[in-house]
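Okay, structure first, notes after.
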Amino acid sequence: MLKIAVCVSGGGTNLQAIIDGVENRTIENTEIIAVISNNQNAYALERAKQAGITGICISPKEFASRNDFNDAFLAKMEELNPDLIVLAGFLVTIPETMIDKFENRIINIHPSLIPSFCGVGYYGLKVHEGALERGVKITGATVHFVDKGTDTGPIILQKPVAVMQGDTPKELQKRVMEEAEWIILPQAINMIAAGKVTVENNQVIMK
Ligand code: GRF
C-alpha cells in the first residue's frame, strides 16, 4: 500500500482527482494518509474533511523564521512518514532537507509542458498567460519528481492540450486541468504505487 501525503494551497481540484481515483480504483494500492496546507482557508482542506482524510495546516506565517518553519514542516512529514509526497498546487518552497530525506519521493503537477512556461514566477494563471502571450498552439501539463530546482526534476508524465483561438487564461487553465492535470496526476500515482517508475541518471524509466 502506497501511503501518500498531498500538499495543497488552494481549491484542491487535483486533490479531488486523487481522492476520486482512489475511490473508483483508477488509483490502486494507495492510501491518502494526510492533506497538508499552508492556507487554513484552502478549500482543499474542506475536500479532505468531506473525504474523511486528516487535514493539517502548517504555514511559514506561524513561525519566527523560514528555518523554523522548514524544521517543523520536515518534522511533521517525518512523523507522517509517507512513501510519496504529492504537491498539488502547493505554493510553499519545499525545504532542501525534505528533498534530501525524500529523494525521488516527491512529485509535482505543473500546468505546462516543461521546459516551457515553468521555473521561478510561473505558477497558477501566470503559466497560461505566458503560453497565450507566446502564441503556442499546444500546451499541457507535466508530472515530475521534485529536485532542488524549480520545476526541474525528472519528468514522469506529460499530456498535451490544444490552445483555442481566443482563449482567456482562465479558459485555458480550466481546459488544461480537465484534459491533462486531473488525468496524469492520478496516472502517475497509480504507476508509482505499482512500482513501475524508477529514476536512472536523472531520467524516469517506466517498467
Ligand atoms: C493547478 O493548476 C496545478 O497545475 C498548479 O496549481 C493549480 C492547483 O489547482 N500547480 P488545484 O488547487 O488543484 O485546484
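For the single chain, residues carry numbers from 1 onward in sequence order. Whatever order the structure lists them in is the order used to number ligands and atoms, beginning at 1.
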So which protein residues pack against ligand 1 under 4.0 Å, heavy atoms counted? Gly10, Gly11, Gly12, Thr13, Asn14, Gly89, Ile109, Pro111, Met177, Glu181
Between Lys159 and Glu179, is there a side-chain N and carboxylate O pair less than 4.0 Å apart? no
Salt-bridge test for Lys174 and Glu178: reply yes if a basic N is under 4.0 Å from a carboxylate O, no otherwise. yes
Mind checking whether Ile32 and Leu185 sit in one hydrophobic cluster, side chains of I, L, V, M, F, W, Y counted as touching below 4.5 Å? yes
NZ/NE/NH1/NH2 to OD/OE distance under 4.0 Å, Lys126 and Glu129: no
Common cluster, Leu87/Phe145, ILVMFWY with side-chain heavy-atom separation under 4.5 Å: no
Does one hydrophobic cluster hold both Val146 and Ile192, with members joined at side-chain heavy-atom distances below 4.5 Å? no
